[in-house]
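Have a look at the structure below, then the notes.
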Amino acid sequence: MTLLILGHPDIEKSMANKAIIEELENSSLEIEIRNLSALYPDFNINAKAEQEALLKHQNIVFQYPLYWYNMPAILKQWFDVVLTHQFAYGSKGDKLKGKTFIPSFTVGAPENEYHALGEHHFRIYEFCKNLEQTAYYTQMNYVEPVYFHGTSVNAGYTEDDVKTKARAQGKKLVEILSSI
C-alpha cells in the first residue's frame, strides 16, 4: 500500500497537483493521501499520527509544487517534526528502513530555464540532493523524482497543457508504484 504526503498549501487552487492526485485516486492502487494543509492548517503536525501512517505503508510519495527551489513550508515542517531521532535515524531509528521514498513535484517555469546559463542557473536534480540525502539517512530506497515543467499559466501554458502533463505524471507514478 502507498502513502502520499501531499504538501500543497492550497490543493483546491492547484491545476497540476490536483490533477495528479485525481489520476492516482482513479487508479487501482491502494493509496492513503494525507493532505498536510487540511490536517494541520496551523502547522501543528501530530508526529505520532504521521509516524503511524508511515509504519503502515511500504511506498511513500511526497507530492508538492516546487516553491523557491524547495518544498512548501508545510512539507518542510512535516520532515522536521516527523522524522525524529530514534524513529527515522539514530541507533534505534530504523523504522523507515527499506521503505520506498518517491519525490513527485511540479515546476512552474519551463525546462530550458533550468541550466547553468539559464534564469534559474541549476538543473532540477540539483535541487533534490536534500531529498536523496534524507532517504539515505533514514535508510529508505530513493526513487528518482517524478516531475514536469510548465505549470504556470502566467508563463503562457494553457490549463489544458498543464492538466495533460499532470495526468501523464499521475500515470507515471501509477506505473512506478505498480512495479515496486
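Start at 1 with the first residue, then count along the sequence. Everything quoted here is computed from the prediction, not taken from an experiment.
- The side-chain hydrogen bond (donor to acceptor under 3.5 Å, both in side chains) check on Lys163 picks up Glu159, with sequence neighbours excluded.
- Side-chain polar atoms of Asn17 and Gln63 form a donor-acceptor pair below 3.5 angstrom.
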Determine all donor-acceptor pairs shorter than 3.5 Å in which one atom belongs to a side chain in residues 23-30; sequence neighbours excluded.
{"residue": "Asn26", "atom": "ND2", "partner": "Glu22", "partner atom": "O", "Å": "3.1"}
{"residue": "Ser27", "atom": "OG", "partner": "Leu24", "partner atom": "O", "Å": "2.7"}
{"residue": "Ser27", "atom": "OG", "partner": "Leu29", "partner atom": "N", "Å": "3.2"}

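- No salt bridge links Glu50 with Lys48; every basic N to acidic carboxylate O contact stays at or beyond 4.0 Å.
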Verdict with supporting geometry, Ser37 and Leu39, side-chain contact (heavy atoms from CB on, under 4.5 Å): CA-CA 6 Å; Ser37 292; Leu39 290 168; over 6 Å; no
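- Using a 30° and 60° split on the angle between ring planes, Tyr67 and His8 fall in the perpendicular class, above 60°.
- Between Ile74 and Gly7, the shortest heavy-atom distance links the atoms CG2-O, 3.7 Å.
- Between Gln51 and Lys95 the shortest side-chain heavy-atom distance does not fall below 4.5 Å.
- The closest side-chain heavy-atom distance from Leu83 to Leu54 is below 4.5 Å.
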I would like to know whether Gln86 and Thr84 meet side-chain contact (heavy atoms from CB on, under 4.5 Å); could you show each step before the answer? CA-CA 6 Å; Gln86 304 301 27; Thr84 59; over 6 Å; no
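- Ala16 and Thr151 get closest at one heavy-atom pair: CB-CG2, 3.8 Å.
- Side-chain contact check for Pro72 versus Pro65: some heavy-atom pair is nearer than 4.5 Å.
- Residues Thr164 and Asp161 bring no donor and acceptor atom of their side chains to less than 3.5 Å of each other.
- Membership of an apolar cluster is not assigned to Tyr136, as no side-chain contact below 4.5 Å to another ILVMFWY residue is traced.
- The shortest side-chain heavy-atom distance between Asn70 and Asn130 falls under the 4.5 Å cut-off.
- Expressed to the nearest 0.5 Å, how far OG1 of Thr2 lies from CD1 of Ile102 amounts to 6.5 Å.
- Legend: residues meeting salt bridge (Lys or Arg N to Asp or Glu O under 4.0 Å) with Asp80, ordered by chain and number and at least two apart, are Lys76.
- Residue pairs that meet the ring pair (Phe, Tyr, Trp, His ring centres under 6.0 Å) test with at least one member in residues 28-63, sequence neighbours left out, are Phe62-Trp78, Phe62-Phe79, Phe62-Phe101.
- Side-chain contact between Thr138 and Asp94: absent, with no pair of heavy atoms (C-beta onward) separated by less than 4.5 Å.
- With a 4.5 Å cut-off on side-chain heavy atoms, Leu66 and Thr106 do not count as touching.
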Let's go through Leu131 and Met71 carefully: what are the C-alpha distance in whole Å and the side-chain angles of both, what is the deciding distance for side-chain contact (heavy atoms from CB on, under 4.5 Å) to 0.1 Å, and is it a yes or a no? CA-CA 10 Å; Leu131 301 171; Met71 62 186 70; 3.5 Å; yes
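- Considering only heavy atoms from C-beta on, Tyr147 stays 4.5 Å or farther from Cys128 through its side chain.
- Counting heavy atoms from C-beta outward, Thr100 and Ile60 have side chains that stay 4.5 Å or more apart.
- Closest heavy-atom contact between Leu96 and Ala88: CD1-CB, 3.9 Å.
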For the pair Ile5 and Leu75, evaluate side-chain contact (heavy atoms from CB on, under 4.5 Å) and give the outcome as yes or no after the intermediate values. CA-CA 8 Å; Ile5 305 298; Leu75 186 55; 3.7 Å; yes
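- The minimum heavy-atom distance linking Val162 with Gly150 is given by the pair CG2-O, 3.5 Å.
- Asp160 contributes atom CG, which lies 9.5 Å from atom CE of Met15 (distance to the nearest 0.5 angstrom).
- Sorted by first and then second residue, the pairs that involve residues 168-179 and meet side-chain hydrogen bond (donor to acceptor under 3.5 Å, both in side chains), not counting sequence neighbours, are Ser104-Gln169.
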